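All values below were derived from every heavy atom in this structure, side-chain atoms included, with hydrogens, water molecules and symmetry-related copies excluded. Everything quoted here is computed from the prediction, not taken from an experiment.
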Amino acid sequence: MNNGTGLDLKLISENCGLFSKTDADTVIDNISKLSKVYSSRDLIKIYNYMLIHAQIPEVIMYLIRCVDEYRDPSSLEYLVDILLLKNAVSADDDTKEKYTNVRVMCAKAIANQKNTDVVSSLLYCLNNKDEHYRVRLACADALGRIGDRFAVAPLVEVVKDEDEKSVYLKESAVSALGLLGDSRAVDPLVSILETKQGIMDKFSFLKERAIEALIKMGFCDNERVYRALKNSLADESVQVRINAIEALMDSEHPKAFEAIKKCLENDPDPEVKKNAMIALYNMSDRTILDEVIKSPDYPDNLKVEAVSILEEYENDETGENEE
């Protein structure tokens with residue numbers, strides 16, 4: 001069978017052991033040797049053919065890595081078929097479990113092609129609550145990386161869905177929205193920050209992702225976003241507070257400096273204080289460092305950090321003057 005390519009794809013596959021009971025390692029080793037015999041153009045055709053017929057997960061994963069090296073558009077439809085389990089003998093729960101790693105890798109390879117034609121297939125897996133959560137995570141990430149705006153509304157729905165049990169999926173959807181940068185995501189992301197949750201709850205990680213997404217989107221100077229970030233400076237999670245400091249630092253809101261300054265003065269956590277001091281320094285000049293060093297209101301460890309930053313600053317200044 002050459003399909004007009006001049007290659008007997010079936011024979012090549014048979015020689016590699018694809019259709020026999022040959023163990024996966026041997027098949028993979030045989031496939032790896034093809035690169036020494038065939039051109040890149042022919043290899044893509046061979047890999048595509050094998051993707052259609054391979055049934056052993058380890059072999060499929062190797063083939064996905066092979067086509068991902070070339071990222072040829074001709075491979076996309078075969079990758080989508082694998083993601084949707086169209087090549088599997090059945091699509092029962094056991095099969096889905098068996099092919100989970102394959103499909104996760106497949107979603108990543110699909111995203112690498114940056115082709116918006118596959119958005120509907122990724123959304124199909126994302127919205128299927130019976131689907132393995134890791135496959136849904138990979139699809140959410142792929143949608144963000146592809147950058148298609150039609151994915152915004154479905155991703156927002158995942159974030160807003162109170163019946164969605166996977167916080168990890170919500171995190172992935174939030175991160176994808178940050179990559180897409182669409183203003184429609186602002187309200188649901190801010191709503192996450194406005195939700196009260198304890199420090200030990202996994203929801204804290206979702207808040208962290210929401211702040212990171214808002215930073216990427218560049219909406220931190222929005223008034224509602226500013227209020228949510230300011231309130232996040234009092235969150236029970238240390239990391240949420242640190243992320244909020246970073247977001248406010250990157251914003252151009254006129255009250256951001258004042259909000260971070262209060263955090264520096266009042267926050268009980270030394271790491272938060274340190275991040276607040278560095279943020280204020282980046283937003284202004286060395287004045288805040290001098291204040292920390294001279295004031296009795298700040299702890300010694302923070303003073304040491306301020307001195308270290310000043311020394312680095314002075315060394316940089318000296319180096320520039322010498323040049």
task = Go through the steps to decide whether Leu43 and Tyr70 satisfy the test side-chain contact (heavy atoms from CB on, under 4.5 Å), and finish with yes or no.
result = CA-CA 10 Å; Leu43 283 171; Tyr70 294 101; 3.5 Å; yes
request  = Write out all pairs satisfying salt bridge (Lys or Arg N to Asp or Glu O under 4.0 Å) with one or both partners inside residues 21-33, taking only residues at least two apart or from two chains.
outcome  = Asp29-Lys33
key: Within-4.5 Å side-chain heavy-atom neighbours: Leu79 and Val118   = no
request  = Taking atom NZ of Lys108 as the centre, report whether more than 12 heavy atoms of other residues, nucleotides or ligands fall under 6.0 Å from it.
outcome  = no
query = Does the Asn282 side chain pair with the main chain of Ile278, one donor and one acceptor, at a distance under 3.5 Å?
reply = yes
Table please: side-chain donor-acceptor pairs of residues 174-183 below 3.5 Å, with sequence neighbours left out.
| from | atom 1 | to | atom 2 | distance (Å) |
| --- | --- | --- | --- | --- |
| Ser175 | OG | Glu171 | O | 3.1 |
| Asp182 | OD1 | Arg184 | N | 2.9 |
| Asp182 | OD1 | Arg184 | NE | 2.9 |
| Asp182 | OD2 | Arg184 | NH2 | 3.2 |

Student check: side-chain heavy atoms of Lys98 and Pro57 closer than 4.5 Å = yes
ask   = Less than 4.0 Å between a side-chain N and a carboxylate O, is that true for Lys129 and Asp161?
value = yes
ask   = If only atom types and distance count, is the side chain of Ser295 paired as donor or acceptor with the main-chain N or O of Val292 below 3.5 Å?
value = no
inquiry  = A side-chain contact here means heavy atoms from C-beta on lying under 4.5 Å apart; do Met61 and Cys106 qualify?
reply    = no
query = Do the non-hydrogen side-chain atoms of Ile288 and Lys261 ever get within less than 4.5 Å of each other?
reply = yes
request  = Sequence neighbours left out, what passes side-chain contact (heavy atoms from CB on, under 4.5 Å) with Asn301? Give chain and number order.
outcome  = Pro270, Pro299
key: Co-membership, hydrophobic cluster, residues Val307 and Leu280, 4.5 Å side-chain   = yes
ask   = Any Lys/Arg nitrogen of Asp290 or Lys294 sitting under 4.0 Å from an Asp/Glu carboxylate oxygen of the other?
value = no
Backbone of Thr26 reached by a side-chain donor or acceptor of Asn30 within 3.5 Å = yes
request  = Identify, with sequence neighbours excluded, every residue that meets ring-ring contact (aromatic ring centres under 6.0 Å, His included) alongside Phe19.
outcome  = His53
query = Between Arg71 and Asp68, is there a donor-acceptor pair closer than 3.5 Å when you use the side chain of the first and the backbone of the second?
reply = yes
query = Is the backbone of Leu137 close enough, under 3.5 Å, to the side chain of Asp141 for a donor and an acceptor to pair up by distance?
reply = no
ask   = So which pairs with a foot in residues 248-260 pass side-chain hydrogen bond (donor to acceptor under 3.5 Å, both in side chains), sequence neighbours left out?
value = Glu223-His253
key: Ion pair check, Lys86 and Glu77, cut-off under 4.0 Å   = no
query = Is Tyr298 close to Glu291 at the side-chain level, that is, under 4.5 Å between some pair of heavy atoms?
reply = yes
task = Just jot down the side-chain contact (heavy atoms from CB on, under 4.5 Å) partners of Glu69, sequence neighbours excluded, or say none.
result = none
Check: Ser237/Asp235 side-chain N/O donor and acceptor closer than 3.5 Å = no
task = Show the numbers, then the answer: is there a side-chain contact (heavy atoms from CB on, under 4.5 Å) between Arg145 and Lys114?
result = CA-CA 7 Å; Arg145 290 170 57 200; Lys114 305 288 185 183; 4.0 Å; yes
Close side-chain approach of Lys10 to Asp8, heavy-atom, < 4.5 Å = yes
query = Asn101 and side-chain hydrogen bond (donor to acceptor under 3.5 Å, both in side chains): which partner among Arg134, Glu58, His132?
reply = Arg134
key: Flag, side chain of Gln113 to backbone of Asn115, donor-acceptor distance under 3.5 Å   = no
